[in-house]
J.: 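One structure, pasted below without further comment.
These numbers were taken from a predicted model, which means no experiment stands behind them. As a basis for the values below, the full set of heavy atoms in this structure was taken, side chains included, without hydrogen atoms, waters or symmetry mates.
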Amino acid sequence: MASLTQFFVPVKDAQLRARAIRPPKPRRTVDRATGVFVLCHGMMASIDAPMFGWFQSLLAQKLSIASVAFDFHGNGKSTGTTSYGNYYEEVDDICAVVEHINNYGVPGISGKSTVVGILGHSKGASSMFLFGFKYAYLCPPLLVALSARFWLAREITMRWTEENRQALQKSGKFLWRTYGKKPNKSQSAGYKCDNTAQGCVKEYWISAKDLAERSATDMAVVQALPMHRCFVLNVTGACDQIVPADDVWEYDRLIRLASPDAGRMTTHIVPGASHFWTKLSELDALEQALLPWLTCMLSRAGL
């Protein structure tokens, strides 16, 4: 039976909440280090999203792979603050978690550990790619992107209401409310989650600086990923209404151009699946996309 351990990873001005799941007999590398997958959540989310528990269980039960899921700073149960365009701050969070695992190991896992893969969802997938670019020397061999956005500036114009734009022009910021009908009006910065009959309600302050920072984030840097030693799986739902399909194919095009051979980049479109992967039918279909690829690539990664 897999074991679960929670711990915190220190970063500048924050503590990142992390959850490790270890299978009874985890796979090890040729130098006897336990291979670990790191999981990165999306915007206004946390590792408490059902998808992450599901994926950690899949890795442990079907592939005997240990995993660590963590909350970016200012999200979930991590301390600190977050913002809309802070992709490179999240990149540094990923770096801190990867270095912690590689250098100090994982609580509940005996001996040395090493990160062999990263899975990111939505904003977490974009941050994962940026991590692979900025910290190429730390980039593990396996990268899995779920519902990853490419054109960040284009997304901004599609998302906001006229009321949001007027507030931005007038005061330089606006309160973005999403995922429910009863926002907590006492929250003055960042976001807050209320558990109501309508589900999780969140509020998020968006400033002109946040929008400019996000718009300036260039995802074309994926061309500089260390593809001579990496393998990428890019998965999206055919019914994703958050990220347009051409974002996924732009990642596919650019990463293929940077790859020494075609087998290092795989794109999979899951019929009927949405952006958030909340339905059991979506997760079942996602498993059918993930398992064959991971089974093949884990051996190529030395496990």
Side-chain angles (χ1 to χ4, degrees), residues 1-5 18-40 47 51-70 94 97-102 105-106 108-121 124-125 128-129 131-132 135-146 148 225-236 251-252 255-256 259-268 270 277 283-303:
M1 183 176 180
S3 62
L4 183 152
T5 305
R19 179 181 65 218
I21 291 186
R22 175 193 179 277
K25 295 182 178 179
R27 290 198 192 199
R28 298 184 182 273
T29 61
V30 291
D31 62 354
R32 304 305 300 161
T34 298
V36 178
F37 240 89
V38 171
L39 277 59
C40 307
I47 62 173
M51 175 178 64
F52 291 98
W54 171 86
F55 187 66
Q56 287 191 280
S57 295
L58 178 74
L59 287 172
Q61 295 174 9
K62 300 286 182 73
L63 297 166
S64 296
I65 291 291
S67 60
V68 171
F70 75 97
I94 298 173
V97 172
V98 171
E99 288 189 323
H100 186 90
I101 293 169
N102 290 348
V106 179
I109 298 178
S110 61
K112 182 181 178 182
S113 296
T114 186
V115 175
V116 297
I118 303 176
L119 176 142
H121 172 246
M128 174 194 73
F129 281 137
F131 164 80
Y135 297 104
Y137 68 96
L138 286 174
C139 187
L142 306 181
L143 300 175
V144 179
L146 301 181
L225 288 173
M227 291 306 298
H228 61 286
R229 56 183 176 81
C230 288
F231 300 91
V232 177
L233 175 63
N234 194 16
V235 183
T236 193
Y251 276 123
D252 183 275
I255 295 174
R256 284 185 187 279
S259 300
D261 59 80
R264 291 180 177 270
M265 177 67 205
T266 302
T267 295
H268 192 99
V270 177
W277 306 93
L283 294 177
D284 287 343
L286 181 58
E287 180 177 334
Q288 298 306 309
L290 289 173
L291 271 183
W293 187 86
L294 287 169
T295 300
C296 175
M297 295 307 170
L298 284 170
S299 61
R300 297 185 70 172
L303 284 92

J.: Kindly determine whether I65 and L294 satisfy side chain to side chain contact (heavy atoms under 4.5 Å, CB included), including the steps that lead there.
T.: CA-CA 10 Å; I65 291 291; L294 287 169; over 6 Å; no
J.: Parallel, tilted or perpendicular for Y135 and F131, by the 30°/60° rule?
T.: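 Plane angle between 30° and 60°, so tilted.
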J.: So, for A2 and A60, which heavy atoms are closest and what is the spacing to 0.1 Å?
T.: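 Residues A2 and A60, closest heavy atoms: CB-CB, 4.1 Å.
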J.: Check whether any side-chain heavy atom of T266 sits under 4.5 Å from a side-chain heavy atom of F231, and report yes or no.
T.: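 A side-chain contact under 4.5 Å is absent here.
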J.: Below 4.5 Å, heavy atoms only, C-beta onward: do V97 and V115 meet side chain to side chain?
T.: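 They are not in contact (no side-chain heavy atoms under 4.5 Å apart), so the answer is no.
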J.: Can you give me the closest heavy-atom contact between T114 and N102, atom names plus distance?
T.: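 Shortest heavy-atom contact: CA-OD1, 3.3 Å.
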J.: Let me confirm one number: the CG-CE distance from L39 to M128, rounded to the nearest 0.5 Å.
T.: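 Between atom CG of L39 and atom CE of M128 there are 10.5 Å.
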J.: Between atom CG of L142 and atom CZ of R300, what is the distance when rounded to the nearest 0.5 Å?
T.: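 Separation between the atoms: 10.0 Å.
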J.: Once you round to the nearest 0.5 Å, how far does CD1 of I118 lie from CG of L143?
T.: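 So the CD1 of I118 and the CG of L143 are separated by 6.0 Å.
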J.: If a pair satisfies salt bridge (charged side-chain N to carboxylate O under 4.0 Å, His left out) and one of its residues is in residues 29-38, list it, with sequence neighbours excluded.
T.: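 Listed once each, the pairs are D31-K112.
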J.: So, do V235 and V270 sit near enough that their side-chain heavy atoms are less than 4.5 Å apart?
T.: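 A side-chain contact under 4.5 Å exists here.
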J.: For the CH2 atom of W277 and the CZ atom of F52, what is their distance to the nearest 0.5 Å?
T.: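 So the CH2 of W277 and the CZ of F52 are separated by 12.0 Å.
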J.: Below 4.5 Å, heavy atoms only, C-beta onward: do S64 and K25 meet side chain to side chain?
T.: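 The answer is no; the side chains never approach within 4.5 Å.
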J.: Rounded to the nearest 0.5 Å, what separates atom CG in L119 from atom SG in C40?
T.: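 Rounded to the nearest 0.5 Å, the CG-SG separation comes to 8.0 Å.
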J.: Anything under 30° is parallel, anything over 60° is perpendicular, the rest tilted; go ahead and classify F37 against F55.
T.: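 Perpendicular: the ring planes of F37 and F55 meet at over 60°.
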J.: Does R27 reach the main-chain N or O of G35 with its side chain, forming a donor-acceptor pair under 3.5 Å?
T.: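 Side chain of R27 to backbone of G35, a donor-acceptor pair under 3.5 Å: no, none is there.
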J.: Taking only residues at least two apart or on different chains, which pairs with a member in residues 284-293 satisfy salt bridge (charged side-chain N to carboxylate O under 4.0 Å, His left out)?
T.: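 Every salt bridge (charged side-chain N to carboxylate O under 4.0 Å, His left out) pair that includes a residue of residues 284-293, provided the two are not neighbours, is K62-E287.
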J.: Rounded to the nearest 0.5 Å, what separates atom CH2 in W293 from atom CG in L298?
T.: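 The distance works out to 8.0 Å.
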J.: Hey, is the main chain of T5 close enough, under 3.5 Å, to the side chain of R22 for a donor-acceptor pair?
T.: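 Between the backbone of T5 and the side chain of R22 there is no qualifying donor-acceptor contact (under 3.5 Å).
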J.: I need the minimum non-hydrogen distance between R229 and Y137, along with the two atoms involved.
T.: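 So the minimum-distance heavy-atom pair works out to NH2-CA, 3.8 Å.
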J.: I want to check something: taking the side chain as every heavy atom from C-beta on, are L303 and L63 in contact at a cut-off of under 4.5 Å?
T.: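 No; the side chains remain at least 4.5 Å from each other.
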J.: If you compare all heavy atoms of M51 against all heavy atoms of L283, which two are closest, and at what distance to 0.1 Å?
T.: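 The answer is CG-CD2, 4.5 Å.
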J.: Less than 4.5 Å apart, any side-chain heavy atom of I255 and any of L225?
T.: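 Side chain of I255 against side chain of L225, heavy atoms only: contact under 4.5 Å found.
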J.: Counting distance only, does the side-chain N/O of Q56 pair as donor-acceptor with the main-chain N or O of R19 below 3.5 Å?
T.: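 Yes; judged by distance alone, with no hydrogens or angles, the pair exists.
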J.: Hey, are the side chains of Y251 and T267 touching, using non-hydrogen atoms and a 4.5 Å cut-off?
T.: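 Contact flag for Y251/T267 side chains = no.
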J.: If you compare all heavy atoms of C139 against all heavy atoms of G132, which two are closest, and at what distance to 0.1 Å?
T.: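 Heavy atoms only, the tightest pair is SG-CA, 3.9 Å.
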J.: Using every non-hydrogen atom in the two residues, find where L138 and E99 come nearest and quote the distance to one decimal.
T.: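 Minimum heavy-atom separation between L138 and E99: CD1-CG, 3.7 Å.
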J.: Evaluate the side-chain proximity of P260 to M227: yes if any heavy-atom separation is below 4.5 Å, no if none is.
T.: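 Contact flag for M227/P260 side chains = yes.
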J.: Applying side chain to side chain contact (heavy atoms under 4.5 Å, CB included) to L290 and L233, what does each step give before you reach the verdict?
T.: CA-CA 8 Å; L290 289 173; L233 175 63; 3.6 Å; yes
